[in-house]
Asks: 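One structure is given below, represented as structure tokens, and several questions about it will come after.
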Amino acid sequence: NENIDASKAYLGASVRVRNGRTNHECSYTLVSPVEADMAHGKISVQSPVGKALLGHSVGDIVTARIPAGDVTFEILEISR
């Protein structure tokens, strides 16, 4: 769909992030709740991390409220 703003994290995008707590880099694919599969890096847009990333751009630092406490992520790359 050419109407998607690919500069922001969107449903179906792969998002590479750096965890502010651990400084570890990882990639997530934002998917619908029925497609979520953490073992394969697919996170639901309804999950705390998915909600935090959705709609943000490369360079943004977002905070996800997870059971273990707040975690910040820096968005490094967004791709299809």
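Worth saying up front: this structure is predicted, and the values here are computed from it rather than measured. If you read the sequence from its start, that first residue is 1, and numbering goes on from there.
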Asks: Distance check, rounded to the nearest 0.5 Å: Ile78 atom CD1 versus Asp60 atom CG?
Replies: 8.0 Å
Asks: Indicate if Leu54 and Ile75 have the same hydrophobic cluster label, given that clusters are the connected sets of ILVMFWY residues with side-chain heavy-atom separations under 4.5 angstrom.
Replies: yes
Asks: I'd like to know if Arg18 and Glu25 make a salt bridge, using a cut-off of under 4.0 Å between side-chain N and carboxylate O.
Replies: yes
Asks: Please answer: with hydrophobic residues joined when any side-chain heavy atoms are less than 4.5 Å apart, are Val58 and Val49 in the same cluster?
Replies: yes
Asks: For Ser32 versus Leu11, what's the shortest heavy-atom pair and its separation?
Replies: N-CD1, 3.5 Å
Asks: Looking only at non-hydrogen atoms, find the nearest pair between Ala64 and Pro48 and report the distance.
Replies: CB-O, 3.8 Å
Asks: Please check if any side-chain donor atom of Ser57 sits under 3.5 Å from a side-chain acceptor atom of Lys8, or the reverse.
Replies: yes
Asks: Take Val17 and Leu76 through the side chain to side chain contact (heavy atoms under 4.5 Å, CB included) test and state the conclusion after the steps.
Replies: CA-CA 5 Å; Val17 298; Leu76 303 174; 5.7 Å; no
Asks: Please name the pair of heavy atoms, one in Ile43 and one in Leu53, separated by the smallest distance, quoted to 0.1 Å.
Replies: CD1-CD1, 4.3 Å
Asks: In Å, rounded to the nearest 0.5 Å, how long is the span from OH of Tyr28 to NE2 of His40?
Replies: 15.0 Å
Asks: Begin with the C-alpha distance, continue with both residues' side-chain angles, and end with the deciding distance and a verdict on side chain to side chain contact (heavy atoms under 4.5 Å, CB included) for Ser14 and Ser27.
Replies: CA-CA 7 Å; Ser14 291; Ser27 293; 5.6 Å; no
Asks: So which atom in Val45 and which in Lys51 form the shortest heavy-atom distance, rounded to 0.1 Å?
Replies: O-CG, 3.2 Å
Asks: To check you understand the geometry: which heavy-atom pair defines the closest contact between Thr29 and Gly12, and what is its length?
Replies: CG2-O, 4.1 Å
Asks: Where is the tightest heavy-atom contact between Pro33 and Gln46, given as atom of each residue plus distance?
Replies: CG-CG, 3.5 Å
Asks: Going through the distances and angles, do Phe73 and His56 end up as a side chain to side chain contact (heavy atoms under 4.5 Å, CB included)?
Replies: CA-CA 11 Å; Phe73 294 96; His56 288 275; over 6 Å; no
Asks: Is atom CZ of Arg21 surrounded by more than 12 heavy atoms (other residues, nucleotides or ligands) closer than 6.0 Å?
Replies: yes
